[in-house]
Amino acid sequence: MGLETASAPLSTLHRKTSYDVADFAVPTGREEEWRFTPLSRLRGLHTGAPASGAVTVQVDAADEVVVETVGRDDRRLGRAYVPADRISAQAYTSFEKATILTVPREAVASRPTVITVNGTGAGAAYGHTLVRVEPMATAVVVLDHRGSAVYADNVEYVVGEGATLKVVSLQDWADDAVHVSHHHALLGKDATFRSFVVTLGGDLVRLSPSVSYTGPGGDADLTGLYFVDAGQHLEHRLLVDHSRPNCRSNVVYKGALQGDGAHAVWIGDVIIRVEAEGTDTYELNRNLLLTDGARADSVPNLEILTGEVAGAGHASASGRLDDEHIFYLQARGIPFEEARRLVIRGFFAQLLEKIELDELRERVFAKVEAELEK
Amino acid sequence: MSDSSRVRPGSTLEIRDLRVAVGDKEILRGVNLTVKAGETHAIMGPNGSGKSTLAYAIAGHPKYTVTGGQVLLDGADLLEMSVDERARAGLFLAMQYPVEVPGVSVSNFLRSAVTSVRGEAPKLRQFAKDLKTGMDALSIDAAFAQRNLNEGFSGGEKKRHEILQLELLKPKIAVLDETDSGLDVDALRVVSEGINRFRASGDTGVLLITHYTRILRYVKPDFVHVFAGGRIVEQGGPELADRLEAEGYEAYVKASA
Ligand SMILES: Nc1ncnc2c1ncn2[C@@H]1O[C@H](COP(=O)(O)OP(=O)(O)OP(=O)(O)O)[C@@H](O)[C@H]1O
Ligand SMILES: [Mg+2]
């Protein structure tokens, strides 16, 4: 369990960006952004592993959504986001085909568009996805990751003026998978972005969701849920960069950990730049340590460079199940195991309610239940 | 299981020379008390005298270590049972400070509790009906069923919910720890009526912990015990309560020190 603040100003940490992997040194593990990640389990994603593995990408799209598979040279790629670390740049340098979803201006997607990323092998694989929601359009996109893979990718969400994008990213990998991913959302004026991240499977998952704004009125809500089992390393690194006035961000990530060597890392970086007057931001991380031998590192960082914020706060807490909760339920006759399940379910309940798609919520709920049965 | 078989006539809670510590600190120093079905016992005593400790120890709260004595429910050793086994054996504790449990809805919690105590899931429609009847009788708004357990409830609302659970779970012996404190006059009446319905519903015993005679005007005790310094220092009938209210506990505190 750790709570600390980075020594260098946040705004300087994310400064270096490049599309070229050669511009980044191979991490040693001493760098601020790599110190929590067990590099030896990355299977070479950080040392230039050649693309040899197989990952299939399938898209089941709403009628209103245009789906394209494009080559590296498509000029629309990489405009919202420039890689900020070595593996992200490696993915950008190495992917062969990218998936582009476009939700045309003012279109309202009639159903969720599901991108299924299925890992079928052990070699490294790289990918790129771009979701473009044009002004005033609305869509729900689900990224569903399954199977075995060693996979690094970048996902760009470009949410146009007044548009709404809701994304669910489900990391439901097999036990041996390694996944390093950047999700960047670029919000136009008055755009709404809702992200729901669920990370359950994989040996090592390192997901870095970030948000930036191009106009005032942008509204980002980033929710995350993870369940870490023995030996798993699940890392979420959030960055919200407020550089425009009157935008909002709200980050809530909750995780439960059980078993020896279960390791969760949560980094929550929020920068409110001089120009970003009227920013309203809050970030929260909570970890529930269900057994001995599990470890959660939680590092919220809030850097405020303007004097005019509407609200800015952060909170982080890691702890065990509350004996008083369990006692109360048991005192009403509910057996210990069931009481424990009820309380853990309760811990996640408010998050799960945020998944508006019934089917998906049920699936995530069932997954969490299955984790509790272990 | 039908109600009549749960409330077996003649249930008895026997507390024999009970000694309880929190950490190294001995708090209960030999409590003896027998509560029989059909009886209501009031325990009155000053702050910090160990009344809640007695209640929690009987219920099996992990913070309290029993260092000696026995607690028997119809001859079965409660101290050998887990917290939930005690509740299923027929013990109920209405807590002085009911715990807030985030994310667990009242209705979900009640259904789980009733299922556990009865040994089978109640029929959904019957349960919904019982719940509504119970909530109406205690003037609890129906919306509370969907709220998180005790979360953001006022003190009085929490106490009403404790009594709602009492009525739904129908224990053999109920320990009510200061259920009256923090209630306004109307709430006190509503809660007292709930306790009286419970008393009338079968052959049940009640151990009622309180500071005030106020509730005893609604819920008439058969016996009154004065608790001081971790033990019972005097016993009597209902008239003892009036004397305590007039004279206070000072004499007992001095004597027990
Ligand atoms: N969990 C605990 N940790 C430490 N001390 C405790 C704990 N529970 C009780 N005590 C101590 O034991 C003594 C008895 O407390 P208890 O709560 O049983 O008193 P009470 O008679 O119920 O008081 P009140 O009338 O204020 O409710 C007090 O001195 C109290 O501080
Ligand atoms: Mg007390």
Side-chain angles (χ1 to χ4, degrees), chain A residues 196 198 223-227 252-256 284-290 315-355 361-362 364-366 368-369 371-373, chain B residues 6 55-64 78 81-119 146-151 158 161-162 164-166 168-171 174-175 177:
Chain A
F196 201 104
V198 180
T223 308
L225 182 162
Y226 45 90
F227 206 113
V252 178
Y253 269 62
K254 285 187 176 189
L284 166 78
N285 176 229
R286 283 196 59 200
N287 291 292
L288 196 50
L289 296 152
L290 296 173
S316 160
S318 298
R320 299 185 162 275
L321 276 178
D322 191 329
D323 285 344
E324 299 294 336
H325 295 166
I326 303 288
F327 172 74
Y328 189 82
L329 299 188
Q330 276 190 283
R332 300 304 180 245
I334 300 171
F336 173 76
E337 280 302 329
E338 191 185 338
R340 179 175 175 272
R341 272 199 301 273
L342 279 170
V343 173
I344 298 170
R345 232 182 261 158
F347 175 75
F348 287 128
Q350 286 137 321
L351 294 194
L352 285 169
E353 281 164 18
K354 287 197 187 181
I355 306 182
R361 189 179 53 244
E362 289 306 315
V364 173
F365 192 78
V368 171
E369 293 287 294
E371 295 285 346
L372 291 177
E373 298 299 329
Chain B
R6 263 196 53 69
Y56 277 127
I58 297 171
H61 193 291
K63 267 196 197 138
Y64 300 87
L78 281 186
M81 299 180 197
S82 65
V83 175
D84 50 294
E85 284 168 346
R86 295 178 201 205
R88 293 199 298 276
L91 179 76
F92 181 87
L93 166 62
M95 290 178 210
Q96 183 174 359
Y97 303 108
V99 181
E100 303 193 1
V101 189
V104 177
S105 75
V106 167
S107 67
N108 205 351
F109 159 72
L110 290 176
R111 199 147 17 90
S112 299
V114 167
T115 302
S116 302
V117 166
R118 290 187 195 161
Q146 302 318 316
R147 284 180 57 177
N148 288 335
L149 187 50
N150 291 321
E151 207 176 51
K158 285 181 182 166
H161 272 85
E162 296 292 288
L164 174 64
Q165 294 166 43
L166 172 72
L168 286 172
L169 297 177
K170 305 187 190 342
V175 180
D177 190 2

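Chain letters run A, B, ... following the sequence lines, proteins first, then strands; residues in each count from 1.
Heavy-atom distances place no part of A/E353 under 4.5 Å from chain B, backbone and side chain included. Within the 4.5 angstrom heavy-atom criterion, no atom of B/E85 approaches chain A. Residue contact with chain A, scored on non-hydrogen atoms closer than 4.5 Å, involves the side chain of B/L149 exclusively. Residue contact with chain B, scored on non-hydrogen atoms closer than 4.5 Å, involves the side chain of A/Q350 exclusively.
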Pair B/H61-A/Q330, side chain to side chain contact (heavy atoms under 4.5 Å, CB included): steps then yes or no
CA-CA 10 Å; B/H61 193 291; A/Q330 276 190 283; over 6 Å; no

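Considering all non-hydrogen atoms of both residues, A/Y328 and B/N150 come closest at OH-ND2, 3.3 Å. The two residues B/V104 and A/L342 come nearest to each other via the heavy atoms CG2-O, 3.4 Å. Residues A/H325 and B/E100 share a closest heavy-atom pair of NE2-O, 2.9 Å. Shortest non-hydrogen contact noted between A/G333 and B/A87 is N-CB, 3.3 Å.
Formation of a donor-acceptor pair under 3.5 Å by the A/R332 side chain with backbone atoms of B/A113 is not found in this model.
Summarising the geometry, atom CZ belonging to A/F327 is positioned 5.5 Å from atom CG belonging to B/L93; distances are rounded to the nearest 0.5 Å. Distance check: A/L329 CG to B/F109 CZ gives 6.0 Å after rounding to the nearest 0.5 Å. Here the straight-line distance linking atom CD1 of A/I334 with atom CZ of B/R88 works out to 10.0 Å at 0.5 Å rounding.
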